[in-house]
Amino acid sequence: MMDNILTVRELNFKLNQVLETRFPYIWIKGEVTNCVRASSGHIYFSLKDEQDLLNCVWFKRNHQDLAFDPLTGECFENGCKPSLAKSLRDGQEIICAGKLAVYGARGQYQLIVEHAVESGVGQLYEAFERLKQKLSREGLFDTKYKKPIPAKIHNIALITAPTGAVIHDFLRIAGSRGIKSTIHIFPSLVQGDKAPQELITALEKAQSHIFPNKKKADCIVLIRGGGSIQDLWAFNDEDLARAIFACDIPVVTGIGHEPDFSIADYVSDKSLATPSHVAQFLWKEKSTIMQEIDDIEYSLQTFFLARYKHHEREFSYLCRQLKLLSPKNALNEKFTYLMIRSQHLQRAMQKIFHDTFTKVQINRQKIRRHEPQLNLFQEKILQLKKEVKLYTKTKIQKNEEKISLLQAKLQQNFITFLKQKEFELQKNSLILEGNNPNKPLEKGYLYAEIVGKKDVIVKSIKDVQDNDTLQLHIIDGTIHANVEKIIPAKK
């Protein structure tokens with residue numbers, strides 16, 4: 001048990017390991033209080049809710065300006081945004097991200113802050129996640145409901161803000177790539193509280209609009225430039241998402257920049273990273289189309305030549321087969337084959353007969369030459385059989401006699417060994433009985449131990465002090481006695 005005693009530093013170290021393993025990275029929401037800015041640049045504060053308090057430290061190295069939103073992953077289009085550390089104050093509602101650690105100097109655990117944002121942004125992100133999960137459960141994002149985008153698009157209904165770089169970039173790409181395509185713009189707000197309803201109205205108009213060729217739109221395009229999660233919030237509207245899902249014309253979206261993704265992107269039939277990507281998706285470059293036409297023309301020529309050569313080879317093959325299948329040619333071939341096989345059979349029979357006769361003659365000569373030796377070998381084999389039988393019988397008898405002697409000797413030695421061990425057992429039993437500590441007690445003797453010093457037997461008055469408590473062991477129990485006086489023995 002004494003080996004498990006820890007120092008305070010060791011305990012704090014172990015607690016720190018547990019916190020790092022159990023909570024490697026966490027997000028915490030609360031109200032800032034006790035905010036102190038040290039001369040080192042570090043910020044010390046606490047997060048509180050209705051009942052509890054958490055100490056936090058935000059080191060200087062961790063509150064540089066941010067190039068992206070840590071909650072949404074959005075990359076800021078206009079450069080880095082100032083860190084919240086510059087405006088942190090008591091009473092501010094924030095969301096912090098970091099790691100838990102034990103501060104050994106005070107023996108308290110605290111949050112090492114790495115990122116912090118105002119709680120309002122976090123609430124938007126939570127609302128975004130709740131709506132995304134709700135619509136996903138209802139199946140609005142399922143691929144089985146996605147309508148295919150036509151390969152050739154002539155009529156396009158474009159919903160976006162009527163001014164700005166986004167629409168100009170889209171129309172510029174359409175002008176350089178779009179061949180025989182008509183674009184009808186349905187202007188709408190793309191930011192602010194009124195934007196969702198305007199987008200829904202524009203979507204309804206786009207569905208019912210008839211183009212000059214007396215047809216409806218091949219697809220509806222919904223685009224907007226990049227921005228913060230607040231700027232893009234209109235495209236996270238539930239009513240707009242359901243309107244896109246219910247639209248009977250394929251909807252293509254290009255909202256924000258590369259990392260931005262809205263509910264409208266999830267529910268649309270095709271989502272692209274940016275508005276420019278949408279235009280590039282709808283129309284290929286003219287040079288690419290020309291190259292594809294050249295490739296198709298080359299493929300058709302190659303295919304035609306290959307098929308022509310194939311049929312030419314097949315015609316030549318059928319002509320040869322027709323000649324070969326003539327009845328006269330077949331009979332001549334069969335007769336020739338039969339004659340050749342007959343000659344082969346005759347030669348084979350003659351060779352087999354000759355080889356067999358030669359082998360018989362050779363074996364006869366060998367038998368005649370070795371016949372005397374064979375008779376001699378037979379006589380030797382009979383003689384050896386007799387000798388082996390006699391030797392085996394004699395050897396077995398000798399081994400049986402030897403085994404009998406060994407058995408008798410083993411039995412005698414075992415009896416002697418048992419008697420010797422029995423004697424030793426009796427001897428050791430007497431010695432053990434003589435050393436039994438209870439034997440003297442039966443004669444009225446006793447032995448004493450000091451209470452509190454287990455297994456320490458009193459052998460001398462030097463082992464005992466006044467007022468010690470002794471345990472006196474006798475044959476039928478133990479007596480506790482206090483030492484009142486110690487009298488040395490007279491010499």
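As a basis for the values below, the full set of heavy atoms in this structure was taken, side chains included, without hydrogen atoms, waters or symmetry mates. Residue indices begin at 1 and follow the sequence shown.
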K.L.:
Ignoring hydrogens and geometry, is there a side-chain-to-backbone donor-acceptor pair from Gln92 to Arg89 under 3.5 Å?
P.N.:
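Side chain of Gln92 to backbone of Arg89, a donor-acceptor pair under 3.5 Å: yes, one is there.
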
K.L.:
If you round to the nearest 0.5 Å, how far is CZ of Phe45 from OG1 of Thr33?
P.N.:
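Separation between the atoms: 11.0 Å.
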
K.L.:
Aromatic ring centroids of His209 and Phe186 under 6.0 Å?
P.N.:
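Judged by ring-centre distance (under 6.0 Å), His209 and Phe186 do meet the cut-off.
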
K.L.:
Answer whether the closest heavy-atom distance between the side chains of Lys29 and Glu93 falls below 4.5 Å.
P.N.:
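Yes, side chains in contact.
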
K.L.:
Looking at Ser46 and Asn34, what are the two nearest heavy atoms and their distance?
P.N.:
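Heavy atoms only, the tightest pair is OG-ND2, 4.0 Å.
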
K.L.:
Is it possible for you to check whether Lys270 lies under 6.0 Å from the centre of the six-membered ring of Phe281, through NZ or CZ, and within 45° of that ring's axis?
P.N.:
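Geometry flag: set, cation within 6.0 Å and 45°.
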
K.L.:
A side-chain contact here means heavy atoms from C-beta on lying under 4.5 Å apart; do Gln110 and Cys56 qualify?
P.N.:
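They are not in side-chain contact.
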
K.L.:
Between Gln108 and Asn55, is a side chain to side chain contact (heavy atoms under 4.5 Å, CB included) present by the stated rule, with each step listed?
P.N.:
CA-CA 8 Å; Gln108 298 175 338; Asn55 292 328; 3.2 Å; yes

K.L.:
If we ignore hydrogens and angles and just use 3.5 Å, is the side chain of Asp265 paired with the main-chain N or O of Ser262 as donor and acceptor?
P.N.:
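Checking the backbone N and O of Ser262 against the side chain of Asp265, a donor-acceptor pair under 3.5 Å is found.
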
K.L.:
So do the side chains of Ile220 and Ile159 get within less than 4.5 Å of each other, counting heavy atoms only?
P.N.:
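Of all side-chain heavy-atom pairs linking Ile159 with Ile220, at least one is under 4.5 Å.
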
K.L.:
To the closest 0.5 Å, what do you measure between OG1 (Thr160) and CG (Leu222)?
P.N.:
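One gets 7.5 Å once the value is rounded to the nearest 0.5 Å.
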
K.L.:
Mark yes when over 12 heavy atoms from residues, nucleotides or ligands other than Phe414 sit less than 6.0 Å from its CZ; otherwise mark no.
P.N.:
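Not buried by this count: 12 neighbours or fewer within 6.0 Å.
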
K.L.:
So, Arg242 and Glu138, do they make that salt bridge, N to O below 4.0 Å?
P.N.:
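Salt bridge present between Arg242 and Glu138.
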
K.L.:
Compare every heavy atom of Lys60 with every heavy atom of His42, then report the nearest pair and how far apart it is.
P.N.:
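The answer is ND1-N, 3.0 Å.
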
K.L.:
Give a yes or no answer on whether the side chain of Glu198 reaches the backbone of Leu189 with a donor-acceptor pair at less than 3.5 Å.
P.N.:
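Here the side-chain-to-backbone pair exists.
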
K.L.:
How far apart are the closest heavy atoms of Trp283 and Ile153, and which atoms are they?
P.N.:
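Minimum heavy-atom contact is NE1-O, 4.3 Å.
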
K.L.:
How far apart are the C-alpha atoms of Lys99 and Ile26, what are their side-chain angles, what is the distance that settles it, and do they pass the side chain to side chain contact (heavy atoms under 4.5 Å, CB included) test?
P.N.:
CA-CA 6 Å; Lys99 301 176 181 178; Ile26 57 173; over 6 Å; no

K.L.:
Does a side-chain heavy-atom distance below 4.5 Å link Arg341 with Tyr337?
P.N.:
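Yes. Closest side-chain heavy atoms under 4.5 Å.
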
K.L.:
Between the main-chain N or O of Gln465 and the side-chain N or O of Asp468, is there a donor-acceptor pair closer than 3.5 Å?
P.N.:
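A pair under 3.5 Å: yes.
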
K.L.:
Flag the pair Leu47 / Ile94 as yes when at least one side-chain heavy-atom distance between them is below 4.5 Å, and no otherwise.
P.N.:
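SC-SC contact between Leu47 and Ile94 confirmed.
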
K.L.:
Roughly how far, to the nearest 0.5 Å, is the CZ atom of Arg172 from the CD1 atom of Ile167?
P.N.:
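One finds 13.5 Å between CD1 of Ile167 and CZ of Arg172.
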
K.L.:
Less than 4.0 Å between a side-chain N and a carboxylate O, is that true for Lys146 and Asp269?
P.N.:
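Salt bridge flag = no for Lys146 with Asp269.
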
K.L.:
Taking it one step at a time, do Val360 and Ile362 satisfy side chain to side chain contact (heavy atoms under 4.5 Å, CB included)?
P.N.:
CA-CA 6 Å; Val360 169; Ile362 292 171; over 6 Å; no

K.L.:
Within the 4.5 Å heavy-atom criterion, are Phe235 and Ile263 side-chain neighbours or not?
P.N.:
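Side chain of Phe235 against side chain of Ile263, heavy atoms only: no contact under 4.5 Å found.
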
K.L.:
State whether the side chain of His115 and the backbone N or O of Ala97 hold a donor-acceptor pair below 3.5 Å, judged by distance alone.
P.N.:
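Such a contact is absent between His115 side chain and Ala97 backbone.
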
K.L.:
Determine whether a donor-acceptor pair (N or O, by modelled atom type, separation under 3.5 Å) exists between the side chain of Asn155 and the backbone of Asp218.
P.N.:
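Looks like no, no N/O pair under 3.5 Å.
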
K.L.:
Could you tell me whether a side-chain N or O of Ser342 sits under 3.5 Å from a main-chain N or O of Leu338, the two making a donor and an acceptor?
P.N.:
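Not confirmed, Ser342 side chain does not pair with Leu338 backbone.
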
K.L.:
Strictly distance-based, threshold 3.5 Å: is any side-chain N or O of Arg37 a donor or acceptor partner for the main-chain N or O of Ile43?
P.N.:
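Between the backbone of Ile43 and the side chain of Arg37 there is no qualifying donor-acceptor contact (under 3.5 Å).
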
K.L.:
One pair to check against side chain to side chain contact (heavy atoms under 4.5 Å, CB included): Ile255 and Ile223. What are the steps and the verdict?
P.N.:
CA-CA 5 Å; Ile255 300 167; Ile223 57 174; over 6 Å; no

K.L.:
Got a second to check how far Thr358's OG1 is from His354's NE2, nearest 0.5 Å?
P.N.:
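Going from the OG1 atom of Thr358 to the NE2 atom of His354 covers 4.0 Å.
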
K.L.:
Quick check for you: to the nearest 0.5 Å, what is the distance between Ile340 atom CD1 and Thr336 atom OG1?
P.N.:
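Result: 6.5 Å between the selected atoms.
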
K.L.:
Within a reach of under 6.0 Å around CG of Asp193, are more than 12 heavy atoms found that belong to other residues, nucleotides or ligands?
P.N.:
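No - once you tally the heavy atoms of other residues, nucleotides and ligands closer than 6.0 Å, there are 12 at most.
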
K.L.:
Output yes when Glu129 and Lys132 qualify as a salt bridge under the 4.0 Å nitrogen-oxygen rule, no when they do not.
P.N.:
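Lys132 and Glu129: salt-bridged.
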
K.L.:
Is a side-chain N or O of Lys147 found less than 3.5 angstrom from the main chain of Cys247, in a donor-acceptor match?
P.N.:
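It does hold such a pair.
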
K.L.:
Taking Asn213 for its side chain and Lys215 for its backbone only, find out whether a donor-acceptor pair lies under 3.5 Å.
P.N.:
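Yes, the answer is positive, given that a donor and an acceptor are paired below the 3.5 Å cut-off.
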
K.L.:
Do Asp52 and Leu54 have side-chain heavy atoms sitting under 4.5 Å apart?
P.N.:
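Counting from C-beta outward, Asp52 and Leu54 never come under 4.5 Å.
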
K.L.:
Would you call Asp355 and Lys359 a salt bridge, taking side-chain N to carboxylate O under 4.0 Å as the test?
P.N.:
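Salt bridge absent between Asp355 and Lys359.
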
K.L.:
With the side chain counted from C-beta on, respond yes when Phe211 and His184 share a heavy-atom pair under 4.5 Å apart, and no when they do not.
P.N.:
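Touching, per the 4.5 Å side-chain cut-off.
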
K.L.:
What is the minimum heavy-atom distance between Ile173 and Ala279, and which atoms define it?
P.N.:
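The pair with the smallest heavy-atom distance is CG2-CB, 3.6 Å.
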
K.L.:
Can you tell me how far apart CG (Leu131) and OG (Ser136) are? Round to the nearest 0.5 Å.
P.N.:
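So the CG of Leu131 and the OG of Ser136 are separated by 10.5 Å.
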
K.L.:
Specify the closest pair of heavy atoms between Ala206 and Ile249, including all atoms of both residues, with the distance to one decimal.
P.N.:
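Reported closest heavy-atom pair: O-CD1, 4.3 Å.
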
K.L.:
Around atom NE2 of His168, are there more than 12 heavy atoms from other residues, nucleotides or ligands closer than 6.0 Å?
P.N.:
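Not buried by this count: 12 neighbours or fewer within 6.0 Å.
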
K.L.:
Of all the heavy-atom pairs spanning Cys35 and Asp90, show the shortest one and how long it is.
P.N.:
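Shortest heavy-atom contact: N-OD1, 2.9 Å.
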
K.L.:
Which one of Tyr145, Phe141, Phe245 satisfies the ring-ring contact (aromatic ring centres under 6.0 Å, His included) criterion with Tyr266?
P.N.:
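Only one option passes, and that is Phe141.
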
K.L.:
Is it the case that atom NE2 in His311 sees more than 12 heavy atoms from other parts of the structure closer than 6.0 Å?
P.N.:
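More than 12 heavy atoms, drawn from other residues, nucleotides or ligands, come within 6.0 Å of this atom.
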
